[in-house]
Amino acid sequence: FTKVLDQTNAPFYQWFDDGLINVSHNCLDRHIKQGLGKKTAIVFEADDRRLGRKVALKVLRPELTDESFRQRFEREGKISSSIQDDNICLVYQVGVHNSVSYMAMEFLKGEDLDEKLKRDGWLPIPVVFKIAKQMALGLAVAHEKKLIHRDIKPANVWLESGGPGGDFKRVKLLDFGLAKSTEVEST
């Protein structure tokens, strides 16, 4: 597919251009994932003009104008951007453009664990241990920040490609949309 349409039927790349993140027709040829969470967001490959790098651009579906969706999406971006670790996907920018909420994140190559399990079935025990160890390292960093992920599942575990022999090189935890702080809020 080459175009995503908003409510006005204008191609996505015509209405999303905040001056820093560029989503062009060519980038839309590289649609990454649709239907994240409860089909609330779409993720695209995009260019960060300011820093000259590829980013994953997670966009809240334009038809989801309910304020609760926007607040949750913004909260996810703020939480994710507060955690910097090799095993957690980095969030660079969170914003709203033309009434559409977006999040610019680290562009990752590879696949999620859910896709791998559907394709390959059972994984060898050493691979399972490698995945579990790196997930635990990422979760430990989140816990140090007093955050509980609350949505660990294969679709939220990214296996970054580029390891030796075609193996994945690193696990990255995704989607902190349901994360909760363990700190008691003062009133």
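Not measured: the values here are computed from a predicted model.
For Val91 against Met105, the heavy-atom pair with the smallest separation is CG2-CG, 3.9 Å. Across Val96 and Tyr102, no two heavy atoms sit closer than the pair N-CE2, 3.6 Å. A pairwise comparison of heavy atoms in Leu60 and Phe73 identifies N-CZ, 3.9 Å as the closest pair. Leu108 and Cys89 get closest at one heavy-atom pair: CD1-SG, 4.0 Å.
In this structure, Ser101 OG and Arg72 CZ are separated by 12.5 Å, a value rounded to the nearest 0.5 Å. The structure places CD1 of Ile88 at 8.5 Å from OG of Ser82, a figure rounded to the nearest 0.5 Å. Atom CG of Asn156 is separated from atom NZ of Lys172 by 15.0 Å, given to the nearest 0.5 angstrom.
Under the 4.5 Å side-chain criterion, counting only non-hydrogen atoms from C-beta, Arg53 is not in contact with Phe107. A 4.5 Å side-chain heavy-atom check between Lys109 and Glu160 finds every atom pair outside the cut-off. Between Leu90 and Gln84, some side-chain heavy-atom pair lies under the 4.5 Å cut-off. Looking at Ile83 and Leu147, their side chains come closer than 4.5 Å, going by heavy atoms from C-beta outward.
Side chain of His149 to main chain of Asp175: a donor-acceptor pair is present (N/O by atom type, distance under 3.5 Å, no hydrogens or angles). With hydrogens and angles disregarded, no donor-acceptor distance shorter than 3.5 Å links the side chain of Ser80 to the backbone of Gly77.
The side chain to side chain donor-acceptor pair (under 3.5 Å) test applied to Glu111 returns Arg119, not counting sequence neighbours. In this structure Asp86 satisfies the side chain to side chain donor-acceptor pair (under 3.5 Å) test with no other residue, sequence neighbours excluded. Remark: Glu74 engages Lys78 in a side chain to side chain donor-acceptor pair (under 3.5 Å) (not counting sequence neighbours). For Lys169, there are no side chain to side chain donor-acceptor pair (under 3.5 Å) partners at least two apart in sequence or on another chain.
With side-chain heavy atoms closer than 4.5 Å counting as contact, directly or through intermediates, Ile148 stands alone and belongs to no larger hydrophobic cluster.
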Sequence neighbours left out, cut at 3.5 Å: what donor-acceptor pairs do the side chains of residues 125-139 make with other protein atoms?
residue: Lys130; atom: NZ; partner: Asp167; partner atom: OD2; Å: 3.2
residue: Lys130; atom: NZ; partner: Phe168; partner atom: O; Å: 2.9
residue: Gln134; atom: OE1; partner: Asn87; partner atom: ND2; Å: 3.3
residue: Gln134; atom: OE1; partner: Val171; partner atom: N; Å: 2.6

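In summary, Lys116 and Asp112 do not engage in a salt bridge, as defined by a charged side-chain N under 4.0 Å from a carboxylate O.
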Evaluation steps, side-chain contact (heavy atoms from CB on, under 4.5 Å), between Ile152 and Leu173
CA-CA 8 Å; Ile152 293 297; Leu173 298 177; 4.2 Å; yes

